[in-house]
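Order of the sequence lines fixes the chain letters, A, B, ..., with proteins taken first and strands second; residue numbering starts at 1 for each chain.
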Amino acid sequence: MRPITLKVNGATHTVGVEPATPLLYVLRNDLGLRGPRFGCGLGQCGACTVIINGEAVRSCVRATSSVEGVEITTLEGLSRNGVLHPLQQAWIDEQVPQCGFCQNGQILTAKVLLDKNPRPTDADIRQAMARTLCRCMTYYRVQAAIKRAAAGGVA
Amino acid sequence: MTLRREFLKQSGFLVVSLGAWCRPSDVAEAAQAVQAAPGTRGPGPYPDKDFLQLDSWIAVREDNTATFYVGKTDLGQGTGTAFRQMMADELDVAYANTSVVMDSTDITVDQGGSGGSDGIQVDGWPMRRVAAEARRMLLDLAAPRLGVPVAGLVVTDGVVSVRDDESRRVTYGELIGARRFNVTLSGRNVDATTGQAPVKPVSALKHVGQSPQRYDIPSKVDGSEEWAVDVRLPGMVHARNVKPPVAGAQLASVDESSVRSLPGFVKVVTKGNYVAVVFEREEQAVRAARQLECQWTKPATAPFPASDDLFDYMRAATPESSAPPVDAGDPAAAFAGAATVVEARYDVPFQGHTAFGPAHATADPTGDQLTIYSNDMKSYGLRNGVAEFLKMPRDRVRVVWMQGPQAYGRTAADDAGFEAAYLATELGRPVRVQWMRDEETAWDTKGPAYAVDMRGALDGTGALTAVEYTARAADHNHLGYNEPDTVLIAQLTGQRKTTPARGRASTPSDMYAIPHRRTTTHVVSLPLVWETPLRTGNLRDPDGPQVTFASESFIDEMAVAAKADPAEFRLALLTRGTGDDSGFKRARSIAVMKAAMAAYGWQARPAGPRNSGDVVTGRGIAYAYRSQTVVAQIVEVEVNRRTGHVWAKRMVCAHDCGLVINPEGLRRTLECGMLHSLSRALHEEVRFDREKVTSVDWVSHPTLTHADTPERIDIVIVNGDPTPGRADLPHYGAGETVCKPTLAAVGNAIFDATGVRLRRVPFRDARVLAALKGATGTFDHLY
């Protein structure tokens, strides 16, 4: 166990944990964040997604020590000055979630997609989102919300 | 800005408002609050709320806001929003000035929690009636104050005014704000609760039928929602279960020293075959659960056949229970005189809830009582079951419902709640239990496997004269909700009942006018009845997808034999019916069939392949009925004949559930329900060898993904009532009927595309490819 410094949503935190601790548990239990959630612990579902260096990262299989000092963005960090990110607004406009448990991964994976590809085709969206699962099966509305946000010029 | 926050700002009654959202940190704070105010949280004990007291249901505050306390949950389908709309209408308040508190046993009435898709259909009625009664009481208070009889008053958004002089007015808040109604209602049970006031005619409802956005979505999108998984309490520790590696294994010994020196060690708890590790930090518990050395003794006989052999086993097994054949007409004579007889067998494997977030709960034993934070959809059932399991007085146990992952039926959330409660009382500290992915996928409750044999007869004109349905369901010992003697921890600790539940095998609806029928059902058991990962319980529309896969695939096969268009064939069977049509369900069924066909652009022709090449397309239709709700679905598939891959490219769903409370909410519920069954059609199957479940994660247990999503979905909301504008149009359920027809519609579409009939789900690529290549057998070895 050693002190590890994390930069999350623009703030700096120092936590004392085993270096190999999955980042997910530190974000949730030490920093009190609720956006990233445990779904599989295997990097298969996307519930725990955070953004690091412009990539959607599965925090359940990422050692905390490996992201020391790197800027980490969680769902809570998407809004700016109390204004929702356009993707979040598109999610509300389309009324996407059912239970909502997976939507952290859906929104953050979509953000990374649009940051890289502001005008994705339907095929681009299906491919980029394919590994981000939803058991309420909100996929159709997720895809509609991504297209809505893209049409609004998110990136 | 969320509605919730707006309400918090507006209400100016912070204690009650905080209680409304069940945040654990607020519970303690609210415990200090004024006891007299309706809906206020207290320190316990927690007697049941009296459903015959109006104050148990509704609180109106000085600022003219109203909170409704209902004993239901919202599984993410917008029922909470719908309840607000229904009650706002009857109370005559602005929707934005309402809030709803759901299924917390200390402050809401016991409406049984969720289940059966009856929240709107059944529980909505007492909600409407008590809100109407509150309106009546408020008008009675307003009349002397304004010096005008009630008949001379009007209400708009919680403001009562004199009809002839609207400057003379008083608000609901001024009339009663934060005081009690002290009105006793009547009714022999909670569903029958009523006051004296009638509910409004449909034409007078102004919130019902609109589509206000769901109030729970903003906090789910911005990360601020506090879910049941987020509960953090002072002194809380983390537990992980250690499950038997082989089903039915007995715990011989546990070497606690294998984990005692790990950081954060609190305790290893064992009782019977139940094992859990408890640590200060979550990741410590995860590691220790993997590292704990346990010795298990395998059972002498295999707990179940391998999933490859399941259907052979089910058809050969001596049933545990059977219903005598139910005959209508004279099926034997009809078959003897038939021009054509068709026989077919259909198989549906065990399928799981496989919750996206594995089961979890947190229990707090502070102060000689127990509070359980859970996403279980039946808080009162969990409260009652835990109290009985732990031999605590009921009023010392409280369950607070919080948001969680999808929970469509009897999920492992029941089990986790009991485990957290047990561990918390053992340790005397708050305990958070979280199942792992493999545990959830292997050990959650399963929808039963079905093996169905069908036989049908056509007469010389191609009319369907007789159908025999014989079902075998692997459903011996079907678990109920929150039973203290069947939850997994009760089974593993030897506190279980001695007699299994009898289970059931369901039958298709009889809406088709088939003159001669024979229906036979059997329930079979697997060798291991208790402590098994193949526990059966209600999974969204229990048995419906299985039964309807058989019945609606078979109707398609009969249409093929009759060289008839499959939609016209069904319509003829519906139209021919002259018997019972309570609720106009037959008339409404015909209406949804026609609506689906019109939305799709259905052209009548017999099913069968019309094109060649690697990728072929086809269409399939299926129809279902449940509890007065009727649905017809059309699926258009692309089948890749080289790979066996099936894509449901287009889906149409026509649906009639009577009066629709929130059309946009309904559309999404139907879309997602249909896609849930599409996942069951294409992907989902519980796999096992002769020792354990082997489908344990999202690779070995695939589910629908973004790549499978249809290109186009059309939802057609139908009101097929003969008097569609009638004042008393009922509101029926919508959460489950939609799940019934999809499996058959997809299979029927695959036949139309390829000429090959698939009678075993799921239609994974390898199984489809093998079928296309003309291989025989069920291809179980391929998946």
Side-chain angles (χ1 to χ4, degrees), chain A residues 1 17-18 20-22 24-26 28-29 32-42 44-45 47 74-79 82 84 87-89 91-93 95-104 107 122 125-143, chain B residues 1 75-78 211 213-214 216-218 220-227 229-230 232 238 263 281-284 286 353-358 360 375 403-407 434 436-437 664-665 668-669 671-676 678-679 697-699 703-711 713:
Chain A
M1 195 170 288
V17 297
E18 291 290 327
T21 301
L24 174 67
Y25 296 126
V26 174
R28 292 183 51 78
N29 299 337
L33 294 167
R34 298 170 184 163
R37 281 182 279 279
F38 174 81
C40 67
L42 305 164
Q44 294 175 347
C45 74
T74 74
L75 185 64
E76 291 92 336
L78 236 50
S79 59
L84 293 176
L87 268 168
Q88 292 172 309
Q89 190 57 53
W91 246 249
I92 293 173
D93 295 341
Q95 294 283 287
V96 171
Q98 292 270 292
C99 85
F101 202 85
C102 75
Q103 299 296 338
N104 167 67
I107 294 170
D122 286 5
I125 292 173
R126 286 164 183 274
Q127 186 179 359
M129 302 297 294
R131 291 179 57 248
T132 306
L133 304 179
C134 172
R135 284 290 287 168
C136 297
M137 316 294 172
T138 59
Y139 300 121
Y140 189 67
R141 292 289 166 175
V142 168
Q143 293 178 17
Chain B
M1 183 58 71
L75 314 182
Q77 300 169 321
S211 295
Q213 294 188 333
R214 271 171 49 198
D216 57 317
I217 284 182
K220 290 176 173 176
V221 163
D222 69 14
S224 63
E225 179 69 35
E226 184 176 8
W227 302 70
V229 289
D230 296 323
R232 303 285 181 272
H238 294 267
R281 288 183 59 90
E282 187 164 16
E283 68 275 11
Q284 295 166 341
V286 172
H353 286 274
T354 323
F356 187 76
H360 54 272
N375 73 311
Q403 295 279 347
Q406 104 279 353
Q434 168 76 65
M436 300 300 283
R437 176 80 265 148
E664 288 303 312
R668 283 154 183 78
T669 295
E671 281 171 17
C672 292
M674 187 163 62
L675 293 182
H676 186 187
L678 179 63
S679 184
D697 59 22
W698 295 119
V699 174
T703 176
L704 202 77
T705 75
H706 272 285
D708 296 309
T709 308
E711 189 174 83
I713 296 176

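For Trp227(B), the part sitting under 4.5 Å from any heavy atom of chain A is the side chain, from C-beta outward, and nothing else. In this structure, the portion of Leu42(A) lying under 4.5 Å from any heavy atom of chain B is its side chain and not its backbone. Looking at Ser79(A), neither its backbone nor its side chain comes within 4.5 Å of chain B, counting heavy atoms on both sides. Neither the backbone nor the side chain of Asn104(A) comes within contact range of chain B; no heavy atoms are under 4.5 Å apart. In this structure, the portions of Ile92(A) lying under 4.5 Å from any heavy atom of chain B include both its backbone and its side chain. Residue contact with chain A, scored on non-hydrogen atoms closer than 4.5 Å, involves the backbone of His353(B) exclusively. With a 4.5 Å cut-off on non-hydrogen atoms, Val286(B) touches chain A through its side chain but not through its backbone. Only the backbone of Leu75(B) comes within less than 4.5 Å of a heavy atom of chain A; no side-chain atom from C-beta onward does.
Residues Gln98(A) and Gln406(B) form no side-chain contact, since every pair of their non-hydrogen atoms from C-beta on lies 4.5 Å or further apart. In this structure, Phe38(A) and Val229(B) have side chains that are not in contact, with every pair of non-hydrogen atoms separated by 4.5 Å or more. Between Asn29(A) and Arg232(B) there is a side-chain heavy-atom pair separated by less than 4.5 Å. When side chains are defined from C-beta on, Thr703(B) counts as touching Met137(A), because their heavy atoms get closer than 4.5 Å. Put simply, the side chain of Thr705(B) does not reach to within 4.5 Å of the side chain of Met129(A), judged on heavy atoms. Looking only at side-chain heavy atoms (C-beta outward), Val221(B) and Pro97(A) come within less than 4.5 Å of each other.
Looking at every heavy atom in both residues, Arg135(A) comes nearest to Ser679(B) through NH1-OG, 4.0 Å. In plain terms, the two heavy atoms of Glu711(B) and Tyr140(A) that are nearest each other are O-CE1, 3.9 Å. Heavy atoms only, all atoms of each residue included: Pro358(B) and Gly39(A) are closest at CD-O, 3.3 Å. Between Asp93(A) and Gln213(B) the shortest heavy-atom distance is CA-NE2, 4.1 Å. For the pair Ile217(B) and Gln95(A), the tightest heavy-atom approach, listed with the atom from each and the gap, is CD1-OE1, 3.5 Å. Residues Cys99(A) and Pro405(B) approach most closely at SG-CA, 3.6 Å, considering heavy atoms.
Without hydrogens or angle criteria, Arg34(A) side chain to Ser224(B) main chain gives a donor-acceptor distance under 3.5 Å. No side-chain donor-acceptor contact under 3.5 Å links Glu282(B) to the backbone of Tyr25(A). Under a 3.5 Å cut-off, the side chain of Gln143(A) and the backbone N or O of His706(B) do form a donor-acceptor pair.
No side-chain donor from either of Arg126(A) and Thr709(B) sits under 3.5 Å from a side-chain acceptor of the other.
Not a single salt bridge (Lys or Arg N to Asp or Glu O under 4.0 Å) links Asp708(B) to another residue, sequence neighbours left out. Residues satisfying the side chain to side chain donor-acceptor pair (under 3.5 Å) test with Arg141(A), not counting sequence neighbours, are Glu94(A), Glu671(B).
Ranked by heavy-atom pairs under 4.5 Å with chain B, the first of Cys134(A), Gly35(A), Gly100(A) is Gly100(A). Highest contact tally toward chain A, considering only Lys220(B), Gln77(B), Glu283(B), is held by Glu283(B) [criterion: heavy-atom pairs under 4.5 Å]. Listed options Met1(A), Arg131(A), Arg37(A), Glu76(A) were ranked by heavy-atom pairs under 4.5 angstrom with chain B; first place goes to Arg37(A).
Glu225(B) CD to Gln103(A) CD: the interatomic distance, rounded to the nearest 0.5 Å, is 13.0 Å.
A salt bridge links Arg28(A) to Asp230(B): one of the charged nitrogens lies within less than 4.0 Å of a carboxylate oxygen.
Ring-plane geometry between His360(B) and Phe101(A) is classed as parallel, the angle between the planes falling under 30 degrees on a 0 to 90 degree scale with a further cut at 60.
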